[in-house]
There are 2 protein chains.
Amino acid sequence: MTALSFCAHDHAACVADRMRHAREHCAREGLKFTPVRARSLEILLQEHRALGAYDLLAQLSRENLGSQPPVAYRALDFLVKAGLAHKIEALNAYVACTHSGTDHTPAFLICRGCNVVAEADTALSPGRLDVAAAAAGFEIEHTVIEAQGLCPSCQETAT
Amino acid sequence: MTALSFCAHDHAACVADRMRHAREHCAREGLKFTPVRARSLEILLQEHRALGAYDLLAQLSRENLGSQPPVAYRALDFLVKAGLAHKIEALNAYVACTHSGTDHTPAFLICRGCNVVAEADTALSPGRLDVAAAAAGFEIEHTVIEAQGLCPSCQETAT
DNA sequence: ATCATATTGATATGTTATAACATACTTGAT
DNA sequence: ATCAAGTATGTTATAACATATCAATATGAT
Ligand SMILES: [Zn+2]
Ligand SMILES: [Zn+2]
Ligand SMILES: [Zn+2]
Ligand SMILES: [Zn+2]
């Protein structure tokens, strides 16, 4: 299922599963899954939406896990670098990764109605961009692919 | 040539040509190509790099075309809506469109060394993302495709 | 001329992100 | 046990990006 986020699912299990995966991943890689980092990921996982750094910070603050911007940004940096979360550039916001895999080039479907973000598990089609890059001798290190629009349920709601 | 920006070319002619095109486009569409707007586009065209709104503003200010943020943002909004410029989401910056065509889904190659941005003139490859979107019933309205990496000349420079 | 609309001018504020520096906690070597 | 090195946090301040609002002016249509 490529757009899980738009579908009904056992979300509690979904979160628990992702947290377990994150814990194992960090253990394997020798990364420290500290309380702030773990809770930050959990907060992102609760939603299948992108949260701004300051949204995350507000929640952390309520739980006395920190109150200053760097707290949120450090946690987000860690999660992004660990591959456990992604930044949605078009929103300047962050979303938990729904992938189990390791290195991947995510592509996102972002609903402007409900802000839900689905991560397409496309192993990525080497599209024309790669061809163009190769032709120009350009070496791609990171690719941002974000599609904005309306999810099925928001299409109904709208008019 | 899809990655013109990385190649040597007659840039003065390149700018003049784009300005002429913009003037004609606005005339056709009944859009007002005012001095601030025209000069803003020209400033973007000088570089083939993405400029931040405040970089543009600084230049406009030097020329007494305005000194407050809204001046730059209004000009950029106009240019983006008119299809004469694009926003690079990954940089929160703006680049002049190098396309003549009308409606297009641009894809960018962004050099992290020299900040040059090339707009690939892909007429759009319906990649896996579109397939995934269709499968999920998601209606795509706008797509951001931005590849970051190193241009040929910066690859040499970097050790 | 009058009215509506679009553009500009100006001030203030909101939002996102990082710099800079100090402190505490781990870890591994002596 | 002690130390040094590295990693993680705490804290303050500020940089960088973006918009809200309202008044003034210009433009164009009736
Ligand atoms: Zn879920
Ligand atoms: Zn939706
Ligand atoms: Zn040029
Ligand atoms: Zn370069």
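First the proteins, then the strands, lettered A, B, ... as listed; each starts at 1.
Closest approach of A:Phe6 to A:Leu109, counting heavy atoms only: CZ-O, 3.9 Å.
Clustering ILVMFWY residues whenever any of their side-chain heavy atoms sit less than 4.5 angstrom apart, transitively, puts B:Leu60 in the very cluster that holds B:Leu51. Side-chain heavy atoms closer than 4.5 Å link hydrophobic residues (I, L, V, M, F, W, Y) into clusters, and following such links, even through other members, never connects B:Val117 to B:Ile43.
Looking at heavy-atom distances under 4.0 Å, A:Thr34 makes contact with sugar-phosphate atoms alone, never a base. Across all strands shown, A:Tyr94 has heavy atoms under 4.0 Å from sugar-phosphate atoms exclusively, and none from any base.
Side-chain contact between B:Val144 and A:Gln148 is present, with at least one heavy-atom pair separated by less than 4.5 Å.
In this structure, B:His86 has its ring center at least 6.0 angstrom away from the ring center of B:His99.
In this structure, B:Leu60 atom CG and C:dG9 atom C1' are separated by 14 Å, rounded to whole Å. Atoms CZ (B:Phe78) and C1' (C:dA6) sit 11 Å apart, rounded to a whole Å. Separating the CG atom of A:Leu76 from the P atom of D:dA8 is a distance of 15 Å, rounded to the nearest angstrom. In this structure, NZ of A:Lys81 is placed 12 Å from P of D:dT7, rounded to the nearest angstrom. In this entry the distance linking CG of B:Leu91 with P of D:dA16 reads 15 Å, nearest Å. Between the CG atom of A:Asn92 and the P atom of C:dG14 there is a distance of 19 Å, rounded to whole Å. Atom CG in A:Leu57 sits roughly 13 Å away from atom C1' in D:dG10 (whole-Å rounding). The distance from atom CG of A:Asp77 to atom P of C:dA19 is 11 Å, rounded to the nearest whole Å.
For A:Arg37, a side-chain nitrogen or oxygen approaches OP1 or OP2 of D:dA8 to under 4.0 Å. In this model, the phosphate group of D:dA18 is approached by a side-chain N or O of B:Lys87 to a distance below 4.0 Å at OP1 or OP2.
In this pair, B:His9 and B:His11 present their aromatic rings perpendicular. The plane angle is above 60°, beyond the 30 to 60° band.
With distances taken from any side-chain atom of A:Lys32 to the nucleotides D:dA18, D:dG10, C:dT26, the minimum falls on C:dT26.
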Dump every N/O contact between nucleotides 12-14 of chain D and the protein below 3.5 Å, one line per pair.
none

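Of the residues near DNA chain C, B:Leu31 and A:Gly52, the one whose nearest nucleotide (by heavy atom distance) lies more toward the 5' end is B:Leu31.
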- Message: Run the side chain to side chain contact (heavy atoms under 4.5 Å, CB included) test on B:Leu84 and B:Leu44 for me, step by step, so that the C-alpha distance in whole Å, both residues' side-chain angles and the decisive distance to 0.1 Å come before the verdict.
- Response: CA-CA 10 Å; B:Leu84 298 169; B:Leu44 291 183; over 6 Å; no
